[in-house]
Amino acid sequence: AQTVTQSQPEMSVQEAETVTLSCTYDTSENNYYLFWYKQPPSRQMILVIRQEAYKQQNATENRFSVNFQKAAKSFSLKISDSQLGDTAMYFCAFKAYSGAGSYQLTFGKGTKLSVIP
Amino acid sequence: EPEVTQTPSHQVTQMGQEVILRCVPISNHLYFYWYRQILGQKVEFLVSFYNNEISEKSEIFDDQFSVERPDGSNFTLKIRSTKLEDSAMYFCASSPRRGDSEQYFGPGTRLTVT
């Protein structure tokens, strides 16, 4: 079974600054995917960024980037130039490669990020 | 942009009653999921559904739960006899193809069992 741990229940960052959210996971799988989802207040979860475990290069989506350390089982999210609209709950999630017959996402408990004007 | 929708947004029910939570996945999606989040806890997988049958379920998804796609557009989660511990936020999700693709989430239904 997989586990995902987010050790920071809450974080805050000044507008325009950079913040890093931590995530660690545990798995015996070799092929898998990692995701960061964002859930703004009273809105649905949307995908921010995904990383395939077989790719060495860290994923980047505009102001969002990850630091994927496979050996350490670490998957942190860096948000650069933070904006007020980044205020949300951020969930780290794991999914095994579906060839193993699994489709479920395993989530961490989330980090509540507040961007301060 | 197409979105997953869920109704109702909040459902209050008495212990022992049956509830049906409804979801309309994105129209060309083929895989459907239910997750739940008890207040203060992690989002947990309940079940995945493909080709009109359950493809995977968690140990939470016991005989009290069932899922159905009754009409080709709705995807429902039924809880036969609700317990206090079923109080949670229930999220529906869908994905367009096999399980390696992104799952798109609905806004959730908050279920309160009294």
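First the proteins, then the strands, lettered A, B, ... as listed; each starts at 1.
Taking A:Thr106, A:Ile46, A:Leu105 one by one and counting their heavy-atom pairs under 4.5 Å with chain B, the maximum is reached by A:Leu105.
When the shell of 6.0 Å around CD of B:Glu85 is examined, it contains more than 12 heavy atoms from other residues, nucleotides or ligands. Within 6.0 Å of the NZ atom in A:Lys112, the count of heavy atoms belonging to other residues, nucleotides or ligands does not exceed 12. Within a 6.0 Å radius of CG in A:Asn62, other residues, nucleotides and ligands contribute 12 heavy atoms or fewer. No more than 12 heavy atoms of other residues, nucleotides or ligands lie within 6.0 Å of CG in B:Asp63, so this atom counts as exposed by the packing criterion. Residue-environment remark: CG (B:Leu39) stays at or below the threshold of 12 foreign heavy atoms within 6.0 Å.
Atom CD of A:Gln104 sits about 4.5 Å away from atom CD of B:Glu56, to the nearest 0.5 Å. Between the CZ atom in A:Phe35 and the CD atom in B:Glu102 there is a gap of 8.0 Å [rounded to 0.5 Å]. Atom CD in B:Gln103 sits 7.0 Å away from atom NZ in A:Lys95 (nearest 0.5 Å).
Between B:Phe105 and A:Tyr37, the ring centre distance stays below 6.0 Å.
With a 4.5 Å cut-off on non-hydrogen atoms, B:Tyr35 touches chain A through its side chain but not through its backbone. For B:Val47, no part lies near chain A; criterion is any non-hydrogen pair under 4.5 Å. Interface residue B:Phe91: only side-chain heavy atoms are found under 4.5 Å from chain A. The contact between B:Gln37 and chain A is made entirely by side chain atoms (from C-beta outward), counting heavy-atom distances below 4.5 Å. For A:Glu52, no part lies near chain B; criterion is any non-hydrogen pair under 4.5 Å.
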What donor-acceptor contacts under 3.5 angstrom involve side-chain atoms of residues 10-18 of chain A, with partners at least two apart or in another chain?
none

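Both B:Tyr33 and B:Leu30 belong to a common hydrophobic cluster when Ile, Leu, Val, Met, Phe, Trp and Tyr are linked at side-chain heavy-atom distances under 4.5 angstrom.
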